[in-house]
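Contents: one structure, followed by commentary.
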4 protein chains.
Amino acid sequence: MSLNPVIDFLGRRLRLAVIGGGTGSFIGAMHRQSARRDDRYQIVTGIFSADQAKSKKDAEELGFESDRIYSNVKELLEKESSRKDGIDAVAIMTPNDSHFDYSMWALERGIDVICDKPMTNTLAEAETLHKKVQETGLVFCLTHNYTGYPMVRQAKAMVEAGELGTIRLVQVEYVQGGKADETKTFSPDNWKFDPVRGGPSRVMGDIGTHAHNLTRFITGLEVDEVAAEIGAIVPGRIIHDFGGAMLRFSNGARGSFWVTQAAAGVENCLRIRVSGTKGSLEWMQEFPQALTFKPLNAPSQNRTPNGPGTLPLSARCTRLVAGHPEGFPDGFANIYSDAAEAIAARRAGKQADPLALYFPNSFDGLMGVRFVDSVITSSEANGQWTKC
Amino acid sequence: MSLNPVIDFLGRRLRLAVIGGGTGSFIGAMHRQSARRDDRYQIVTGIFSADQAKSKKDAEELGFESDRIYSNVKELLEKESSRKDGIDAVAIMTPNDSHFDYSMWALERGIDVICDKPMTNTLAEAETLHKKVQETGLVFCLTHNYTGYPMVRQAKAMVEAGELGTIRLVQVEYVQGGKADETKTFSPDNWKFDPVRGGPSRVMGDIGTHAHNLTRFITGLEVDEVAAEIGAIVPGRIIHDFGGAMLRFSNGARGSFWVTQAAAGVENCLRIRVSGTKGSLEWMQEFPQALTFKPLNAPSQNRTPNGPGTLPLSARCTRLVAGHPEGFPDGFANIYSDAAEAIAARRAGKQADPLALYFPNSFDGLMGVRFVDSVITSSEANGQWTKC
Amino acid sequence: MSLNPVIDFLGRRLRLAVIGGGTGSFIGAMHRQSARRDDRYQIVTGIFSADQAKSKKDAEELGFESDRIYSNVKELLEKESSRKDGIDAVAIMTPNDSHFDYSMWALERGIDVICDKPMTNTLAEAETLHKKVQETGLVFCLTHNYTGYPMVRQAKAMVEAGELGTIRLVQVEYVQGGKADETKTFSPDNWKFDPVRGGPSRVMGDIGTHAHNLTRFITGLEVDEVAAEIGAIVPGRIIHDFGGAMLRFSNGARGSFWVTQAAAGVENCLRIRVSGTKGSLEWMQEFPQALTFKPLNAPSQNRTPNGPGTLPLSARCTRLVAGHPEGFPDGFANIYSDAAEAIAARRAGKQADPLALYFPNSFDGLMGVRFVDSVITSSEANGQWTKC
Amino acid sequence: MSLNPVIDFLGRRLRLAVIGGGTGSFIGAMHRQSARRDDRYQIVTGIFSADQAKSKKDAEELGFESDRIYSNVKELLEKESSRKDGIDAVAIMTPNDSHFDYSMWALERGIDVICDKPMTNTLAEAETLHKKVQETGLVFCLTHNYTGYPMVRQAKAMVEAGELGTIRLVQVEYVQGGKADETKTFSPDNWKFDPVRGGPSRVMGDIGTHAHNLTRFITGLEVDEVAAEIGAIVPGRIIHDFGGAMLRFSNGARGSFWVTQAAAGVENCLRIRVSGTKGSLEWMQEFPQALTFKPLNAPSQNRTPNGPGTLPLSARCTRLVAGHPEGFPDGFANIYSDAAEAIAARRAGKQADPLALYFPNSFDGLMGVRFVDSVITSSEANGQWTKC
């Protein structure tokens with residue numbers, strides 16, 4: 001294995017622009033660190049705010065060349081696409097309602113896209129965007145970062161290898177407490193509390209899509225039908241803060257789905273349990289290095305990154321020897337590094353390692369938006385089973 | 001506190017008959033150990049099998065007096081109720097379809113009852129039995145034993161004391177793997193696999209009622225409406241092995257409910273999370289000595305039996321100093337010992353300690369059977385929200 | 001298997017006297033509950049205090065016959081040994097300095113003994129007592145109760161079965177916080193803080209012997225040499241509250257030993273890790289139902305009571321199906337029930353089940369007192385390696 | 001806070017050379033990723049092997065300019081120190097016996113140093129090197145990376161803030177299984193198994209220094225005296241694979257120390273427990289996001305990165321909102337980023353944030369080598385208490 005497949009493919013690093021995530025943004029720092037982690041990208045430009053002065057200040061602090069400091073996204077994309085050394089890819093981490101336009105503009109200019117989830121706010125946009133990705137053949141990477149954890153990859157690989165047998169039961173939950181405090185006012189000045197910019201169901205767009213995507217990723221199954229109730233458990237709140245659902249999967253498996261951001265004192269409990277005919281898997285984001293495998297009629301096992309029994313898809317995205325825990329930033333970086341390999345291979349007209357192609361894409365994004373749409377439809381019909 | 005409140009009240013131990021639970025039965029041994037634990041009962045007679053020879057052999061091994069070895073339940077109840085030193089109470093641990101008759105016969109003869117759950121197989125029986133308990137004023141103790149764990153009592157006491165604020169969200173699951181193995185045939189010769197004797201929904205009667213009762217016990221709330229799906233996930237099975245539901249509580253709280261006995265490799269994961277305006281509680285039966293309390297805006301806490309912050313309802317049923325774990329048998333014994341205190345107080349015409357009266361009773365039994373009934377109704381109506 | 005081997009052997013329950021453990025004693029209640037648990041003993045008499053009125057009150061509350069209420073231990077032993085229906089066994093739970101006399105008096109009268117640890121305060125007494133047990137052939141059961149936990153038995157059985165290979169490394173610790181609070185005065189009126197009654201090293205006698213015995217039980221090895229330091233970490237304290245040691249085992253294995261009762265906020269962390277050529281075992285008393293087995297070059301496993309891979313020595317002392325946790329009282333009761341089987345078999349002139357004979361005996365008691373003695377010797381010689 | 005303090009101080013990133021850690025090295029990738037993480041360094045050159053062709057290949061794969069590809073370390077340091085745009089710092093990750101020379105050469109040329117632990121193989125070298133650092137005033141950062149974990153920083157900050165009171169007891173262990181397998185031969189061709197290159201005590205140099213440094217970092221105490229035994233538990237092995245010790249601290253506190261690399265099946269269990277008069281702290285590297293705080297007489301708490309109660313020293317090195325776990329690479333990167341801030345501040349003649357200066361330095365390195373020396377001395381004197 002080479003030290004840097006992007007340099008292998010292109011003889012240079014990918015040139016990346018970042019849109020959003022300026023000073024004070026946690027996710028912005030995460031994107032930039034992820035891009036730098038394996039030295040596959042060079043961040044050369046970016047727009048950090050609609051406020052041009054603010055955006056410029058961040059750009060300077062990040063050390064961009066002065067001729068790559070732009071006024072807005074459109075200008076950035078246009079000027080970069082006419083440069084000889086223009087950007088290869090753009091990373092979008094702006095409010096949800098802008099994902100569609102920015103992605104479309106980039107794709108139209110031949111620029112590969114890395115985009116935060118949810119892909120779009122509406123199903124129509126998601127369908128259009130996915131179609132555009134298919135037509136252009138460009139890389140579209142959606143940062144459902146939890147699929148980058150080594151033990152999530154291991155879970156998927158174990159299911160693919162048949163170690164669980166036929167999947168029968170899935171239980172997925174994503175419980176947070178950030179919106180539990182009633183005394184805290186959430187101003188719609190923050191786009192996350194504005195349904196127009198943040199999307200039709202806050203809890204579903206923000207964390208429900210993660211729970212849904214994690215389920216699909218590990219099981220390889222699609223949700224066929226859903227019966228759901230979503231709403232605001234905190235009185236007077238206009239955005240959704242909880243959602244429960246029953247799931248029917250394409251193969252007849254059944255599932256339970258529960259998400260909330262109003263569970264006081266809880267930090268970030270994304271937890272999944274998958275049972276098949278031969279055993280069950282359990283994983284919890286707050287202790288991501290632990291994957292519990294409970295085989296039928298044998299002692300339960302603690303699987304760890306690079307521990308005994310590690311499968312190639314997991315080994316590939318584990319940077320350390322066993323016992324050295326990795327976390328959220330590592331999983332996030334894995335998504336970036338895999339996307340880089342795919343982008344560089346495409347641009348070099350070569351084949352990336354097939355194991356590099358497990359990052360979430362526009363189809364995953366479309367499925368996520370469709371699921372949110374079905375959940376809303378079901379909830380509005382008082383929990384009626386609804387096709388996804 | 002006296003060493004033995006039953007001897008305080010009556011000058012002697014309670015005389016108890018046991019029905020069911022002979023050689024080879026795990027639950028039979030548990031009932032008898034629980035009765036002996038605090039020296040409040042003397043087990044003087046019992047029926048262990050419809051097969052009289054088998055029943056007699058067990059009775060002799062248990063050392064009963066020869067004139068207290070009977071042929072059947074009816075004979076036992078009749079002869080004992082005419083003895084001067086006849087039994088005070090009967091403990092019923094037979095197949096579900098017999099709970100109603102045996103309980104009614106005992107109550108009609110003035111004998112207090114300890115009975116396994118579910119209370120009955122049908123809602124009509126549950127209503128009749130509860131009415132009979134109310135009319136007679138006798139003690140009816142239903143062995144929803146998980147409510148006897150010190151940390152479950154602590155959870156209830158914390159909710160009652162307002163430490164969680166208003167309850168908003170509940171997530172309860174009971175996941176087992178005992179019926180996951182497809183290669184194992186479950187003969188309807190075993191009453192548990194016979195819907196007539198075992199009840200209309202195996203998974204709901206066996207463990208769903210525990211999950212439901214635990215939720216009611218801790219939160220003090222009733223389930224108002226349920227939308228559910230239950231069925232058999234293992235192909236060709238006639239009894240239910242999974243059930244999922246969404247819950248609406250009497251105070252507007254929302255909940256998620258998930259039970260299955262087909263999760264390969266899982267042992268006995270009864271787990272509950274309750275969130276209120278001021279914090280969340282988490283408890284898991286497999287590590288019953290750990291209650292996690294996550295207050296809003298303060299570090300999460302590990303509460304332990306008799307550890308700092310223990311409330312009286314919990315302290316009362318903890319036999320040990322902090323750090324010495326108790327388990328399933330201790331919780332089971334707590335239910336028996338509390339029931340003994342209530343029975344002895346009633347018979348002595350005195351008042352038991354109010355904290356002794358938290359054991360599950362016929363109202364809890366009725367609520368459990370009604371919940372099962374509503375779940376079945378909802379599932380048969382394809383998940384329609386149904387009143388409980 | 002019979003429901004009650006004692007009744008099988010003798011046609012009746014064993015008659016037991018209890019010495020110590022009156023009102024307010026946690027360990028007294030534990031002993032009595034353990035005796036009652038499997039219906040193998042009938043507690044017929046006891047002495048609860050040097051204060052005769054206090055002792056009598058407890059005796060009455062426990063419901064003893066009036067002609068079995070005695071003034072002191074000597075009277076009890078004498079009168080009982082001359083009754084036709086006299087006691088078979090005595091259970092001793094008095095201050096450490098009285099264990100020797102009471103045990104000797106009982107053995108001299110042909111009464112089997114169950115005794116709290118440490119066996120004696122001095123090595124000379126331990127040697128005399130052990131010799132007396134050997135000469136009389138009576139049963140002497142020392143309540144090192146932690147050896148009664150199913151997963152401790154499983155650990156021993158796995159070592160015996162060779163599943164760990166040759167033992168190489170042992171790490172044992174017993175950390176408590178009960179004596180951490182400097183603001184709390186510990187009066188020597190409490191025998192536990194009086195070196196004369198409580199023994200020459202409080203921390204070693206109280207918990208050090210448990211850690212030592214657990215190590216011997218699981219590994220089957222003896223400590224050959226010890227280098228130690230013990231003392232009082234809380235300024236001004238006259239009894240020991242911590243002890244550290246390095247261990248050399250009979251087979252060349254090495255170990256680390258650490259005990260303290262002055263670790264603020266810690267409850268009862270007895271923890272052991274044993275490594276052999278083929279794998280390691282880890283067990284922690286605060287979560288006794290979890291035994292972690294880490295095989296060489298294979299995923300680590302969570303072993304549970306009655307879970308897959310359970311060996312007979314463990315299965316025998318597990319009362320429940322897998323997933324139903326047992327605790328401290330269950331392990332304690334296992335010791336009592338095994339001792340009952342041994343006592344009844346001896347009295348019937350028959351053989352008990354060999355797996356019933358793993359309870360700690362006077363040899364274990366002697367080894368424990370000898371270890372304490374060696375630790376003190378080493379510490380007084382500033383940590384010199386000292387033979388055990 | 002600026003997005004990049006190095007750019008603030010110098011108007012550019014630091015130029016870094018890396019020595020060692022070529023293709024196939026886990027720690028090499030970790031160093032380079034850590035340098036890139038926060039965009040504070042630009043890796044411009046490096047030597048990866050004594051084999052010049054191999055080194056050159058790695059240098060090319062990493063994309064260095066051709067005029068910065070050198071033949072050996074000395075040439076690199078000389079040529080770089082005469083360039084106008086020469087390196088600011090060098091990161092050394094070569095076999096232990098070369099740390100001294102490479103560090104001295106760099107310091108002599110005014111180049112700041114980041115160096116793997118242990119600092120040197122001999123005490124004399126450590127003393128010389130530490131003196132040189134003091135004389136030159138250059139930055140020397142020793143990669144005791146475990147001090148970069150947010151919860152280790154939180155532990156230190158809590159001790160500094162007096163939340164534990166006076167430290168009394170410390171228990172530290174570092175248990176690995178990588179050298180447990182007897183069937184695996186460890187060739188002295190690997191420098192780690194060659195005492196000349198790897199140092200006089202493998203287990204002490206490799207992981208014992210980590211355990212020692214972690215103890216000093218959290219408690220702020222020095223080990224005053226040690227009584228130890230170190231050696232090879234695997235028969236026929238020439239390097240040490242276990243070490244046990246008793247510790248006496250400068251303030252009278254006592255401790256237990258246990259390290260081994262021969263515990264079959266164990267991954268990387270670095271675990272510390274610190275008890276003071278007001279409470280205890282527990283931390284375990286395998287679950288680094290969990291810090292347990294057990295206050296005296298109050299419920300135990302789970303502290304998490306950026307969770308409630310986080311102190312500034314910890315908050316500063318947490319990149320994420322609470323509930324998003326960080327791991328080994330994040331702690332490692334924190335050390336690099338803090339060192340960068342110190343180096344840039346020094347070069348700019350300004351003051352770094354005082355909280356940036358908690359990374360391990362040459363004094364820590366000297367203390368570590370001195371501890372190893374004392375442990376060896378004590379062990380050779382059969383465990384005699386030895387001054388550190």
Side-chain angles (χ1 to χ4, degrees), chain B residues 1-4 6-8 11-13 22-24 26-30 32-33 35-39 43 48 57-58 60-63 145 149 176-178 265-270 285-290 304-308 319-333, chain C residues 1-4 6-8 11-13 22-24 26-30 32-33 35-39 43 48 57-58 60-63 145 149 176-178 265-270 285-290 304-308 319-333:
Chain B
M1 194 178 64
S2 153
L3 287 172
N4 193 326
V6 169
I7 291 181
D8 278 1
R12 60 169 178 87
R13 292 162 191 82
T23 300
F26 133 63
I27 208 66
M30 187 51 50
R32 293 192 301 272
Q33 290 176 29
R36 279 193 296 269
R37 180 68 77 89
D38 294 311
D39 207 21
I43 306 176
F48 299 96
K57 184 169 170 295
D58 283 352
E60 282 165 358
E61 280 187 25
L62 287 168
N145 57 293
Y149 274 117
Q176 297 182 323
V266 179
E267 293 189 339
N268 196 38
C269 185
L270 170 61
Q285 194 272 154
E286 286 175 333
F287 292 95
Q289 63 269 44
T304 54
N306 266 342
R319 298 157 188 277
L320 300 170
V321 292
H324 298 71
E326 297 176 80
F328 184 98
D330 305 278
F332 213 105
Chain C
M1 194 179 62
S2 150
L3 287 171
N4 193 327
V6 170
I7 291 181
D8 278 2
R12 60 170 178 86
R13 292 163 191 81
T23 300
F26 133 64
I27 208 66
M30 187 53 49
R32 294 192 300 273
Q33 290 176 30
R36 278 194 296 269
R37 180 70 77 90
D38 293 312
D39 206 21
I43 305 175
F48 300 95
K57 184 170 168 296
D58 283 352
E60 283 166 356
E61 280 187 25
L62 287 169
N145 56 292
Y149 273 117
Q176 296 182 324
V266 179
E267 294 189 340
N268 196 37
C269 185
L270 171 60
Q285 195 271 157
E286 286 175 333
F287 293 96
Q289 62 271 43
T304 54
N306 266 342
R319 297 155 190 277
L320 300 171
V321 292
H324 298 71
E326 296 176 82
F328 185 98
D330 306 277
F332 213 105

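Side-chain atoms are counted along with the backbone in the values below, which use heavy atoms only and exclude waters and symmetry mates. The structure displayed is predicted, hence computed values, not measured ones. Labels below follow one simple rule: chain letters A, B, ... track the order of the sequence lines, proteins then strands, and each chain is numbered from 1.
- The nearest pair of heavy atoms linking C:L320 to C:H324 is CD1-O, 3.1 Å.
- In this structure, the side chain of B:D58 engages the main chain of B:T23 through a donor-acceptor pair within 3.5 Å.
- With chain C as partner, the option from B:G307, B:G323, B:A333, B:G28 having the largest number of non-hydrogen pairs under 4.5 angstrom is B:G323.
- Applying the salt bridge (Lys or Arg N to Asp or Glu O under 4.0 Å) test to C:R37 and every residue at least two apart in sequence or in another chain returns C:D330.
- Proximity to chain B involves both the backbone and the side chain of C:E286, based on heavy atoms less than 4.5 angstrom apart.
- For C:A322, the parts lying under 4.5 angstrom from a heavy atom of chain B are both the backbone and the side chain.
- At a threshold of 4.5 Å between non-hydrogen side-chain atoms, the residues C:T304 and C:Q289 do not count as touching.
- With chain B as the partner, the residue from C:A29, C:G327, C:P325 showing the most heavy-atom pairs under 4.5 Å is C:P325.
- Most heavy-atom pairs under 4.5 Å with chain B: of the set C:P329, C:G22, C:P288, this distinction falls to C:P329.
- With a 4.5 angstrom heavy-atom cutoff, C:N306 does not touch chain B via any of its atoms.
- Relative orientation of the C:F328 and C:F26 rings is tilted, given thresholds of 30° and 60° on the angle between their planes.
- Within the 4.5 angstrom heavy-atom criterion, atoms from both the backbone and the side chain of B:Q33 approach chain C.
- For the pair B:D39 and B:R13, the minimum side-chain heavy-atom distance is below 4.5 Å.
- C:Y149 pairs by the ring-ring contact (aromatic ring centres under 6.0 Å, His included) definition with C:W283, not counting sequence neighbours.
- In this structure, chain C has no heavy atom under 4.5 Å from any part of B:R12.
- For C:L62, the parts lying near chain B are the backbone and the side chain together; criterion is any non-hydrogen pair under 4.5 Å.
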